Protein chains: 2
Amino acid sequence: MQPNTFTAPPKLTRADTVFTDLRQRIVEGDIFTGSKLSEPELAKHYEISRSTLRDALSRLEGCGLLERKANIGYRVVTLSTEQLLEIFRVRESLEGTACRLAAKNMSKEHIDDLRKLLVIHNQTESLQQGEAYMQEEGDLDFHFRIVMGSGNKLLIRLLCEELYYLVRMYRFQFGMASPRAKKAFREHENIIQAIEDKDGELAEILMRRHISASRLNVENRMNTL
Amino acid sequence: MQPNTFTAPPKLTRADTVFTDLRQRIVEGDIFTGSKLSEPELAKHYEISRSTLRDALSRLEGCGLLERKANIGYRVVTLSTEQLLEIFRVRESLEGTACRLAAKNMSKEHIDDLRKLLVIHNQTESLQQGEAYMQEEGDLDFHFRIVMGSGNKLLIRLLCEELYYLVRMYRFQFGMASPRAKKAFREHENIIQAIEDKDGELAEILMRRHISASRLNVENRMNTL
DNA sequence: CTTATAAATATTGTCGACAATTAGTCTTGA
DNA sequence: TCAAGACTAATTGTCGACAATATTTATAAG
């Protein structure tokens with residue numbers, strides 16, 4: 001038998017660590033939206049060869065965080081209100097489905113965990129208001145767990161490994177801290193209830209409305225400017 | 001002014017051509033499902049260096065056609081009935097939304113084109129039955145155009161540049177030629193009608209049912225075996 | 001004969017260099 | 001002053017070689 005088949009950490013390659021670090025820097029705005037990446041510069045910064053760097057960059061392109069043009073290079077995707085709205089449409093669609101499936105597949109333990117999480121979020125929210133960052137992260141955590149609960153690996157890949165990084169990027173950039181915090185909390189509660197009741201149809205509707213409301217919030221703010 | 005800004009073809013790099021060729025070979029089953037790819041072997045076959053090949057491979061990973069493990073290499077994704085059903089769920093979700101948006105955004109010209117396309121499909125179907133391949137390709141062409149008509153670039157990327165290649169892969173592999181051909185044609189007609197009527201809500205419902213029916217078809221066939 | 005260990009082989013990860021292309025600078029002419 | 005073209009510099013695309021890891025084969029012990 002092989003040694004520690006379960007605990008064996010999947011050996012990280014240099015490209016892996018650079019990939020992860022770059023992803024964070026892009027998401028958190030440390031590397032600007034729309035900016036062009038210089039391969040020689042980055043390779044020097046990380047003290048790796050361009051080959052290794054390019055490996056990391058191509059994976060970031062796969063995540064939708066970078067764009068590439070032949071003979072020109074990689075650039076960070078440009079954030080725009082239109083693209084943000086597009087993301088909302090896709091989330092509305094996919095997460096609605098994820099929620100329906102979660103109602104069918106999520107285990108009681110995971111549902112309980114989700115409830116506990118929500119309680120914590122509510123407490124921190126009432127204790128120290130204005131901590132928009134934590135709120136937003138908590139919100140995404142909630143959505144993340146429901147998608148995981150769907151059990152659909154394709155959904156999980158599309159949302160958790162691609163779209164959610166874009167979502168976080170927008171939040172860092174635009175600061176989505178909205179007056180929807182309290183409402184959103186209520187909506188989360190109702191969604192959990194529907195999941196607990198195994199009412200997939202309702203769960204889907206509630207999730208779609210929940211995300212749709214966020215989108216409309218952005219659209220309204222956009223029109224008033 | 002730069003020479004032919006519009007007609008200028010986006011210069012193809014070696015990696016580009018290999019990427020396209022490999023994609024086709026994978027989709028059409030020329031390279032087997034689940035098989036491991038040998039970098040030295042492929043590089044030799046295409047008469048390119050491993051660096052260039054790896055560039056192409058990493059892009060194929062981004063499309064979801066290849067999987068990669070550190071220090072082990074790339075392998076073609078393994079097709080399974082479960083994964084096929086997962087794809088149907090995601091398509092049902094995304095294409096439903098695409099259809100709703102298409103009803104809002106699609107131009108009259110594009111709708112007319114779609115109608116003509118359907119007529120052609122119907123003719124070839126009645127003329128020479130059994131040409132399952134053409135039918136299936138035609139079906140995907142129909143879906144493709146509606147997604148394009150949605151105008152949502154994210155949706156277009158997820159469906160047309162990723163999922164549809166997986167779908168075609170399954171069809172080549174499993175041969176989805178089903179007795180649903182005639183029914184599917186009717187459903188397509190109704191979908192177009194809803195789009196033409198700008199009834200996005202109905203268009204979404206019809207598309208979801210259309211794809212859901214295909215999924216159930218597979219599920220039933222699976223259970224009877 | 002089976003299992004476990006060790007050597008040998010093959011494959012992937014990483015590197016630095018050169019070729020091809022693009023971007024920038026300078027000159028020249030009107 | 002501006003524009004077009006030539007020249008220079010910088011960047012990306014591609015290559016082959018070496019290092020690190022995994023796989024296979026060979027060997028030895030039980």
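A note on names: the letters A, B, ... follow the listed sequences, proteins ahead of strands, and every chain is numbered from 1. Keep in mind that this is a model prediction, so the values were computed, not measured.
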Starting at NZ of A/Lys69 and ending at C1' of C/dA23, how long is that distance when rounded to a whole Å?
-> 14 Å
Hits for salt bridge (charged side-chain N to carboxylate O under 4.0 Å, His left out) against A/Lys108, two or more places apart or cross-chain, chain-then-number order -> A/Asp112
Report the distance from atom CG of A/Leu12 to atom P of C/dG13, rounded to the nearest whole Å.
-> 13 Å
With A/Arg68 via side chain to side chain contact (heavy atoms under 4.5 Å, CB included) - residues at least two apart | A/Arg54, A/Glu61, A/Tyr74, B/Asp55, B/Arg59
Whole-Å distance separating the CG atom of A/Asn71 from the P atom of D/dT12 = 10 Å
A/Asp113: what forms a salt bridge (charged side-chain N to carboxylate O under 4.0 Å, His left out) with it, not counting sequence neighbours?
-> none
To the nearest Å, how far apart are B/Ile72 CD1 and C/dT11 C1'?
-> 11 Å
Is any side-chain N of the basic residue among A/Glu162 and A/Arg157 closer than 4.0 Å to the acidic one's carboxylate O?
-> yes
Contact list for residues 28-68 of chain B, test ring-ring contact (aromatic ring centres under 6.0 Å, His included), sequence neighbours left out = none
Starting at OH of B/Tyr74 and ending at P of C/dG13, how long is that distance when rounded to a whole Å?
-> 7 Å
Not counting sequence neighbours, which residues clear side chain to side chain donor-acceptor pair (under 3.5 Å) with B/Arg23? List them please.
-> B/Tyr165
NZ of A/Lys11 versus P of D/dT23: gap in Å, rounded?
-> 11 Å
Report the distance from atom CZ of B/Arg14 to atom C1' of C/dT21, rounded to the nearest whole Å.
-> 13 Å
For DNA chain D, find the residues of residues 35-55 of chain A with a heavy-atom distance under 4.0 Å and give them by number; none if there aren't any.
-> A/Lys36, A/Leu37, A/Glu39, A/Pro40, A/Arg50, A/Arg54
Rounded to the nearest angstrom, tell me the gap between atom CZ in A/Phe19 and atom C1' in C/dT14.
-> 19 Å
